[in-house]
Amino acid sequence: ITQVQDANVNPRQLAAYYAAATSGVLTMKVVAAQLTDPRLPASQVDELIERRESFSAGRLTASSAKIFLDGVLEGRTAALLEPYEGGDAGKDDRGTPNWSLKALKEIALRLDAAGFQIHMHGIGDRAIREGLDALAAVRAENGPSDLRHHIAHVELVGPADIPRFAELGVFANFQPFWMFRDSSFEAVEPLSGQRALSPRARAAVFPLAPGFGCETRMTIDAARAGLRVEEVALDLEHRATGRDARGFVHRGRQLVDLA
């Protein structure tokens, strides 16, 4: 690994990165996504610019900005187009976006104009739609760029919004580990928005067969059991297909290829 992005960096953390970068401790390139605050006006971008100029050094650059569009499905705070199922009678439970669309467009326009890569956290289909709406406004006002704005996680996307990623040049930064059902989801389902999703939404959230996910799950479970991932990988290396001692299906890939 030669470069990483830290997707949520506050000023104190950025100062720590800067100290590591200037002292020679930081041995890989780091792109720090500075956290934005929906309670503040779009003029907060001026402070992000100041920190980018002051704290970018060596292998560190503070050239990205993080926008939390919504929360998470598990806590029913992800912003949805349709209500969660099983909510209180008479309550229109759809989650709540963190930003008004007007404020979101304003800060996105200023971030893009200032040369920041915009990193949006988007879980629910309403949040993702509004994120794309904001980035569409950016493209219309500022023109296309090579800043490679992206929306991360994209767990639940409206079918009409899927082609908009390509049309707007927005990267879908999704994690396959989050896109299959396993014990980690089932453990929290009784209290979570995962169970409350409609059948259509559940099918959209978990579109992948467990072939990829099981191998990722094995890596995590092995670590929790105190095993080294290399040891599990060596055990699987000689099998084309089957199950390991804990009953996890795998499909011939070594865990080291997926870590």
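What you are looking at is a predicted structure, and each value in this text was computed from that prediction instead of being measured. Values below: all heavy atoms of this structure, side chains included; hydrogens, waters and symmetry mates excluded.
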Self-check item: Path from L60 to M28 over hydrophobic side-chain contacts below 4.5 Å
Solution: yes
Self-check item: Check: R52/Q34 side-chain N/O donor and acceptor closer than 3.5 Å
Solution: no
Quiz item: Within a strict 4.5 Å, meaning less than it, do heavy atoms of the H153 and V72 side chains meet?
Solution: no
Exercise. Please name all residues satisfying salt bridge (charged side-chain N to carboxylate O under 4.0 Å, His left out) with R139, sequence neighbours left out, ordered by chain then number.
Key: none
Quiz item: Going through the checks in order, is the side-chain contact (heavy atoms from CB on, under 4.5 Å) test met by I67 and H121?
Solution: CA-CA 6 Å; I67 297 176; H121 161 112; over 6 Å; no
Exercise. Please lay out, stage by stage, how D112 and L147 fare under the test side-chain contact (heavy atoms from CB on, under 4.5 Å).
Key: CA-CA 8 Å; D112 178 84; L147 292 172; 3.4 Å; yes
Quiz item: For V9 and Q13, which heavy atoms make the closest approach, and how far apart are they?
Solution: CA-OE1, 3.4 Å
Quiz item: With side chains defined as the heavy atoms from C-beta onward, is the minimum distance between Q5 and H150 less than 4.5 Å?
Solution: yes
Exercise. Look at the side-chain heavy atoms of Ile, Leu, Val, Met, Phe, Trp and Tyr, link any pair under 4.5 Å apart, and say whether F165 and I118 land in one connected group.
Key: yes
Self-check item: Shortest non-hydrogen separation from A127 to L69 and the atoms involved
Solution: O-CD1, 3.4 Å
Quiz item: L132 and I151: side-chain contact (heavy atoms from CB on, under 4.5 Å), yes or no, with the steps?
Solution: CA-CA 8 Å; L132 290 170; I151 301 178; 4.0 Å; yes
Practice problem: Determine whether F68 and M120 make a side-chain contact, defined as any pair of heavy atoms from C-beta on separated by less than 4.5 Å. | Solution: no
Self-check item: Sub-4.5 Å side-chain heavy-atom contact between T36 and Q44
Solution: yes
Quiz item: If you round to the nearest 0.5 Å, how far is CD of E106 from OG of S43?
Solution: 10.0 Å
Quiz item: Would you say the side chain of D133 lies within less than 4.5 Å of the side chain of R164, judging by non-hydrogen atoms?
Solution: yes
Quiz item: Yes or no on side-chain contact (heavy atoms from CB on, under 4.5 Å) for D125 and V157, after CA distance, side-chain angles and deciding distance?
Solution: CA-CA 5 Å; D125 48 6; V157 188; 5.8 Å; no
Quiz item: Would V170 end up clustered with V154 when hydrophobic side chains under 4.5 Å apart are linked, directly or stepwise?
Solution: yes
Quiz item: In the single-linkage hydrophobic clustering (I, L, V, M, F, W, Y; side-chain heavy atoms under 4.5 Å), do L135 and V45 co-cluster?
Solution: yes
Quiz item: Side chains of L111 and L109: closer than 4.5 Å at any heavy-atom pair?
Solution: no
Practice problem: Taking Q117 for its side chain and R148 for its backbone only, find out whether a donor-acceptor pair lies under 3.5 Å. | Solution: yes
Exercise. Taking all non-hydrogen atoms of both residues into account, name the closest pair between L48 and A65 and its distance.
Key: CD2-CB, 4.0 Å
Quiz item: Taking the side chain as C-beta and beyond, is there a heavy-atom pair between L40 and I107 under 4.5 Å?
Solution: no
Exercise. Search all heavy atoms of E130 against all heavy atoms of W99 and return the closest pair with its distance.
Key: OE1-O, 4.2 Å
Self-check item: Atom pair CG (L35) and CG (N10), whose distance is rounded to the nearest 0.5 Å
Solution: 7.0 Å
Quiz item: Between S56 and A62, is there a donor-acceptor pair closer than 3.5 Å when you use the side chain of the first and the backbone of the second?
Solution: yes
Quiz item: Would L14 end up clustered with V4 when hydrophobic side chains under 4.5 Å apart are linked, directly or stepwise?
Solution: yes
Quiz item: Do the side chains of L73 and I123 get nearer than 4.5 Å, heavy atoms only?
Solution: yes
Exercise. Search all heavy atoms of G124 against all heavy atoms of D70 and return the closest pair with its distance.
Key: N-OD2, 2.9 Å
Self-check item: Where V31 and S63 come nearest, the two heavy atoms and their spacing
Solution: CG1-OG, 3.9 Å
Self-check item: Pair D93 + R76: basic N to acidic O under 4.0 Å
Solution: yes
Quiz item: Got a sec, which pairs hit salt bridge (charged side-chain N to carboxylate O under 4.0 Å, His left out) with one end in residues 57-68, sequence neighbours left out?
Solution: none
Self-check item: salt bridge (charged side-chain N to carboxylate O under 4.0 Å, His left out) against D6, all qualifying residues, sequence neighbours excluded
Solution: none
Quiz prompt | Distance (rounded to the nearest 0.5 Å) between R126 CZ and L156 CG | solution = 13.5 Å
Quiz item: Any ion pair linking D46 and R110 (charged N to carboxylate O, less than 4.0 Å)?
Solution: yes
Self-check item: R94 to Y84 six-membered ring, cation-pi geometry met (6.0 Å, 45°)
Solution: no
Quiz item: So does Y18 have more than 12 non-hydrogen atoms from other groups sitting under 6.0 Å from OH?
Solution: no
